[in-house]
Every structure is written in structure tokens, then in C-alpha cells.
Undergrad: 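Take a look at the following structure, please.
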There are 2 protein chains.
Amino acid sequence: MQDKARVQTMMGEDLLFLTDDQLRRGIEAMFFAYRAFTADPDIILADMDYGRAHHRALHFINRDPGLTVTSLLAVLGVTKQSLNRVLRTLIEDGLVDSRIGRRDRRERQLYLTAAGTALERRLTEAQRARMRLAYRTAGPQAVAGFRQVLEAMMDPETRSQYQALKDLPEDR
Amino acid sequence: MQDKARVQTMMGEDLLFLTDDQLRRGIEAMFFAYRAFTADPDIILADMDYGRAHHRALHFINRDPGLTVTSLLAVLGVTKQSLNRVLRTLIEDGLVDSRIGRRDRRERQLYLTAAGTALERRLTEAQRARMRLAYRTAGPQAVAGFRQVLEAMMDPETRSQYQALKDLPEDR
DNA sequence: ATAGAAAGTCAACAAGACTGCCCTATGGCG
DNA sequence: CGCCATAGGGCAGTCTTGTTGACTTTCTAT
């Protein structure tokens, strides 16, 4: 009784999509898809002695220029020591600019330099290309469902952060 | 420059879901959701000196008992040296049984022991609980879309492996 | 003015991926 | 039989990225 679980919507009785088998399929899909999802930028990064962590930092600094180290920490969910190493190399290499906070001089506000912006764009575009194809293949309705499930999967606190990101300035 | 990618194409109109902004939202959702996705089993694993790699091995051995080291390698997409370290500890700890291949005595066929099955179940159940909640929250139609997009995101070769898994014996 | 909290940095260590190389055992084939 | 390919294991060393602990700088409240 595994595959006939093609769910048809409506019909209150239709909880077939919650069988252990269906859940396991979702788990495996997450594993395989995430691997592909990170593969494209990883190739670019490998060439320049950077890793995924650098990409993530660039992404969120680009997303919200001027954010502090602590804010970035909260979004990334790592320790500040871990982030610091990554940040240090990015700053040394001239991809990120760290300026002393204006309100509070203990803080460091982070900005991408022109070079940083260029790399971020290159990395993200590689990732976007795959996402674009997947979106196009699956169609708008599937995309909506995709986002709904992912959002429901996040920890509540993370979900708030994610939703808050929605409203950030869209410059670029 | 960021084409605000409103409509373009002749028929256009419904390509709004392919804007760079929409794609970026998807990228961020993947990042946050995947972190949550791995968090629950990670807590259990941390207590016993195991890591994510052990979980993955247990999962796929449980999925297809008797598979060879080479097959497992192909599914996991890691090097044999990397897998070997993980597998060695699992075998030493009595969670996995490695038997000499029946067709080909060079091969090792992998099985979970009772203890291995128990741990696999515990780990997977933690992960399933989150997935179940997400599925239930989002609903069947969203789940279908979720799976469609993830599948479209995989590398073609991986997708074949993923689809092939569909037909494996369903014990449990 | 000073104590304590907060932000950030430096140092050392561990997990888990990788490569490269070498080894054994087995299987297939001319 | 002999040769070579394949399956698997082991060892050494590297890299990224996570961790904790201890430190400095800066701010804030008493």
C-alpha cells in the first residue's frame, strides 16, 4: 500500500499524505535536493579558498547592508567565533567592509564592497539558475506549496526572522 | 541589473513567480528549513558521539537492507574513505552488520542489527515528527508542490536514484 | 567612577568532508 | 594459469566549519 497515495485534495478523509512512507519520501527529497542546491555555488567557492559559510555571510550582508555582527549571527545560527573567522577572511580580502557602529561603537556594521557584491551576485546567480529551472518545471502552484511546507518546517523563531526578511529594502 | 521582471514574454503575466526576488525567497527558505530539518536528529546523535553522516548511513541501509558499500557510496555521494570511517564505527558498535556478498565475495552487504534498527527509528521518528507537522499545516496540495519542486531541483542522476527508491521493498 | 553587560577578537580543538597512495581479496578473461 | 580490473579497507594529511574558553573594548547604570 505504498504508491496509491496520490492525494487528490478535498475529501476530509484524505490523510494518506501523512503516511510514514510519504513522510520518508519528503525526508529523502530534502536530502537530495539540498545537496544539489548547494552544489553550484560550492564549485565557484572551491576555486577561491572559500566555503559555504562565506557564501551565506555574503548573502545576508547583501540582503541587509549595515547589519551588525550580532544580527548576522542570529540569522546564521552559528557562534560568533565561527562567524568571525569567515568574516575576517572576507574583510582581509576586501569583499566586506566592517565599519564601527554609529550608534554604538562596540558594534561593527557590515557592508559589501564592489568586489563583494560581484562575488555574491555570481554565487547567487548560479544558485538561482537551478532554482529558476525547478520553479519553471514545477509551475506556480507547486512553488507556492513548496514555500508553504518549508516555512512550516522552520523553528518558530527562525520563521519570524524569515518573514521579517520579506520587508527589507530591495535595492541591489 | 535586477530586472524587476514583471511581465515579459508574449503571454507573460504569470511569470511573477520567477522574479529574482521570488527565487531568493526560495533560496532562503531552503536554507532555514534545512537547518530545522536536521536539528532534531542532531540532538540525539550528539549524545552518542555520532553525526549526521551516521544517520544518513543508517537511513539508507534500513531503506534497502543488503545493499553494498558501493551502492551506499553512490547514494550518499561521498568518498569511500569518508563513508568508511562512519561505517567502521557503526559496525564496531554493533549497529550495522557487514556480511560478505553472496553473488560476489568481494562485496560487503550491509544490514542493520536490532540495535541499529532501533536507533534508526528513533532518529527518523524525530525527523518525521517535524515533517508531519509541516505537512499537516501546509496541506496535501502544498505537499505535492513541495515534492515537485524538490525533485526538479535535483541533479538528473540523483533524481533517477530518488525515483528508483520508490519501488524498494516496504518492510517496517 | 566603577562594575557589569555586551560586542567583538584570538586561540585551540573536533567532526567530517576531501585527496592521494598503498594494500588485500576476489572475479573475469585471454 | 596469469593478468588486470573491481570491491573494499587503511593510513596520512588537509580543509572547512563548527565548538568552548579567555580576552579586549565599549557602553550603561548605579
Side-chain angles (χ1 to χ4, degrees), chain A residues 31 34-35 38-39 41-61 66-93 96-111 123, chain B residues 31 34-35 38-39 41-59 61 66-93 96-111:
Chain A
F31 168 63
Y34 194 78
R35 194 170 62 189
T38 55
D42 279 358
I43 291 171
I44 298 173
L45 289 158
D47 273 347
M48 33 184 72
D49 282 354
Y50 291 144
R52 238 173 256 178
H54 299 83
H55 180 192
R56 294 200 281 256
L58 291 174
H59 178 98
F60 286 107
I61 295 172
L67 89 173
T68 64
V69 172
T70 302
S71 312
L72 184 53
L73 235 43
V75 175
L76 294 177
V78 296
T79 60
K80 61 182 174 174
Q81 295 87 335
S82 185
L83 174 60
N84 194 263
R85 181 164 6 118
V86 166
L87 227 37
R88 190 168 43 209
T89 68
L90 290 175
I91 292 168
E92 280 169 7
D93 295 352
V96 168
D97 195 11
S98 166
R99 308 183 202 155
I100 291 179
R102 295 194 323 182
R103 307 183 305 262
D104 184 335
R105 292 169 47 79
R106 290 174 301 182
E107 295 178 341
R108 297 291 177 273
Q109 296 193 286
L110 304 169
Y111 299 86
L123 291 169
Chain B
F31 168 63
Y34 194 78
R35 195 172 61 189
T38 56
D42 279 358
I43 291 171
I44 299 173
L45 289 158
D47 273 347
M48 33 182 73
D49 279 356
Y50 291 145
R52 232 172 262 178
H54 299 84
H55 180 193
R56 292 198 282 257
L58 291 174
H59 177 97
I61 296 172
L67 91 172
T68 64
V69 172
T70 302
S71 312
L72 183 53
L73 236 41
V75 175
L76 295 177
V78 296
T79 59
K80 66 175 178 177
Q81 291 87 338
S82 191
L83 174 60
N84 198 264
R85 182 168 15 126
V86 166
L87 224 38
R88 190 167 44 208
T89 69
L90 289 175
I91 292 168
E92 280 169 6
D93 295 351
V96 167
D97 195 10
S98 166
R99 307 181 201 157
I100 291 179
R102 292 189 327 193
R103 306 184 304 263
D104 184 334
R105 293 171 45 80
R106 290 173 304 180
E107 294 178 343
R108 297 291 177 274
Q109 296 192 286
L110 303 170
Y111 299 86

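These numbers were taken from a predicted model, which means no experiment stands behind them. Proteins come first, then strands; the chains are lettered A, B, ... in the order of their sequence lines, and each starts at number 1.
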Undergrad: In terms of side-chain heavy atoms of B:Glu107, which of D:dA7, D:dT16, D:dT25 is nearest?
TA: D:dA7
Undergrad: Mind checking B:Arg85 for me? I need base, sugar-phosphate or nothing, with any heavy atom below 4.0 Å counting as a touch.
TA: base
Undergrad: To the side chain of B:Asn84, which of D:dG9, C:dA17, C:dA25 is closest?
TA: D:dG9
Undergrad: Answer with base, sugar-phosphate or nothing: what part of the nucleic acid does A:Arg103 contact at a heavy-atom distance below 4.0 Å?
TA: nothing
Undergrad: At under 4.0 Å between heavy atoms, what does A:His55 touch on the DNA or RNA strands: base, sugar-phosphate, or nothing?
TA: nothing
Undergrad: How long is the span from the OH atom in A:Tyr34 to the OG1 atom in B:Thr38, to the nearest 0.5 Å?
TA: 8.5 Å
Undergrad: So does A:Arg56 get a side-chain nitrogen or oxygen closer than 4.0 Å to the phosphate oxygens (OP1/OP2) of D:dG18?
TA: yes
Undergrad: Between A:Thr68 and A:Ser71, does any side-chain donor sit less than 3.5 Å from a side-chain acceptor?
TA: yes
Undergrad: Nearest to the side chain of A:Thr79, which nucleotide is it out of C:dG27, D:dT20, C:dC18?
TA: D:dT20
Undergrad: Would you say the side chain of B:Tyr111 lies within less than 4.5 Å of the side chain of B:Arg99, judging by non-hydrogen atoms?
TA: yes
Undergrad: Quick check on C:dG8: is either OP1 or OP2 less than 4.0 Å from any side-chain nitrogen or oxygen of A:Thr70?
TA: yes
Undergrad: What nucleotide among C:dG8, D:dT26, D:dG21 has an atom nearest to a side-chain atom of A:Asp104?
TA: D:dT26
Undergrad: Given C:dG16, is OP1 or OP2 found less than 4.0 Å from the side-chain N or O atoms of B:Ser82?
TA: no
Undergrad: Name the closest nucleotide to the A:Asp49 side chain, picking from C:dT26, D:dT16, C:dA7.
TA: D:dT16
Undergrad: Closest to the B:Gln81 side chain: D:dG10, C:dG8, C:dA17?
TA: D:dG10
Undergrad: Is the distance from OP1 or OP2 of C:dC10 to the nearest side-chain N or O of A:Arg88 less than 4.0 Å?
TA: yes
Undergrad: Which of these nucleotides, C:dA25, C:dG8, D:dG9, is closest to any side-chain atom of A:Val69?
TA: C:dG8
Undergrad: Side chains of A:Leu58 and A:Val96: does their closest heavy-atom pair fall under 4.5 Å?
TA: yes
Undergrad: May I ask you to evaluate whether A:Arg105 reaches the phosphate of C:dA6, defined as a side-chain N or O under 4.0 Å from OP1 or OP2?
TA: no
